[in-house]
Structures are given as structure tokens and as C-alpha cells.
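See structure below.
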Amino acid sequence: MYQKFIINQDGVLKFGTVYLHRDMLATGERCVYGGGLWKVDHCRQAIILYGRSFDFGPPDFEFVRRIDWNGVGGKPCTLLFMPHWPDETELYPVCIKQQ
């Protein structure tokens, strides 16, 4: 099992511990804004998002409208995106975009 995330057609960023990204999709749900992997960074007190989904492509955070925290314990925290994994010199905050 792997720590993965997706962004569905409604802009919901969902976390899970699954083998495949598509295992996080509910019936009728689609992943049109990509996904990737995640890990907890205790030093930064954040969740680091990185990589891309082979099934759905790279994440497009411009379309995030809501974050479902259930897959990471239900507690909101800082999200950082690492575009050049494993190089941690560049980290960008991930935020909910206003509609």
C-alpha cells in the first residue's frame, strides 16, 4: 500500500493509502485533475505532496476547491508541493482556490 492523493472532478483533494490511485474513486467519481504521492514531514509539521499519478497524470492544484482530510487522520495541516522530487529545495504551498 502506498500513500497517494487525487483531485476529483469536483476539485476535492483526497488522501488514501492504496495500491492504485483509482482505488480512491467512489462510484461515478472521476479524477480529472491528477494526483500523486504524499508523506508526512514531522519537522515542517506538514504533508508533502510529490510525484504524479501514472493513471491520471500530474496534479493540477489550480482546481482544488476542498480538501478531504479523512485519509490523513481528519486533522487539517499545512500542505506543500515538491515539484522536483526528491529535491526538497523547492516547496510550494497548496491552498484551496476560491470559486
List for me each residue that meets side-chain hydrogen bond (donor to acceptor under 3.5 Å, both in side chains) alongside Tyr92, sequence neighbours excluded, and say none if there are none.
-> Glu90
Same cluster or not: are Leu13 and Val18 linked, directly or through other Ile, Leu, Val, Met, Phe, Trp or Tyr residues, by side-chain heavy atoms under 4.5 angstrom apart?
-> no
Can you name the residues that form a side-chain hydrogen bond (donor to acceptor under 3.5 Å, both in side chains) with Asp60, not counting sequence neighbours?
-> none
Measure the NZ-CD distance between Lys39 and Gln3 for me, rounded to the nearest 0.5 Å.
-> 10.0 Å
Do you know which two heavy atoms are closest between Ile7 and Val64, and how far apart they sit?
-> CD1-CG2, 3.8 Å
Sequence neighbours left out, what passes salt bridge (charged side-chain N to carboxylate O under 4.0 Å, His left out) with Asp41? Give chain and number order.
-> Arg44
Distance from Glu29 atom CD to Asp10 atom CG, nearest 0.5 Å?
-> 7.5 Å
Across all chains, not counting sequence neighbours, the salt bridge (charged side-chain N to carboxylate O under 4.0 Å, His left out) partners of Lys4 are none
Between NZ of Lys75 and CG of Asn70, what distance do you get to the nearest 0.5 Å?
-> 15.0 Å
Are Ile48 and Leu79 connected in the hydrophobic side-chain network, where two residues link if heavy atoms are under 4.5 Å apart?
-> no
Identify, with sequence neighbours excluded, every residue that meets side chain to side chain contact (heavy atoms under 4.5 Å, CB included) alongside Phe54.
-> Arg52
Determine whether Phe5 and Lys14 make a side-chain contact, defined as any pair of heavy atoms from C-beta on separated by less than 4.5 Å.
-> no
Any side-chain heavy-atom pair of Leu49 and Phe61 under 4.5 Å = yes
Side chains of Asp87 and Thr89: do they bring a donor and an acceptor to under 3.5 Å?
-> yes
From Arg65 atom CZ to Ile96 atom CD1, the distance as rounded to the nearest 0.5 Å = 10.0 Å
Using the rule that two of Ile, Leu, Val, Met, Phe, Trp, Tyr join whenever any of their side-chain heavy atoms come within less than 4.5 Å, decide whether Leu91 and Leu37 are in one cluster.
-> yes
Closest heavy-atom pair and its distance - Leu80, Ala46 | CD1-CB, 4.0 Å
Under a 4.5 Å cut-off applied to non-hydrogen side-chain atoms, are Leu25 and Cys31 in contact?
-> yes
Given Phe15, Tyr2, Trp85, Trp69, the one that forms ring pair (Phe, Tyr, Trp, His ring centres under 6.0 Å) with Trp38 | Phe15
Ile47 with Tyr33, same ILVMFWY side-chain cluster at under 4.5 Å = yes
Residues at least two apart in sequence or cross-chain that pass side-chain hydrogen bond (donor to acceptor under 3.5 Å, both in side chains) with Gln9, listed by chain then number, are none
Shortest non-hydrogen separation from Gly51 to Pro59 and the atoms involved | O-CD, 3.7 Å
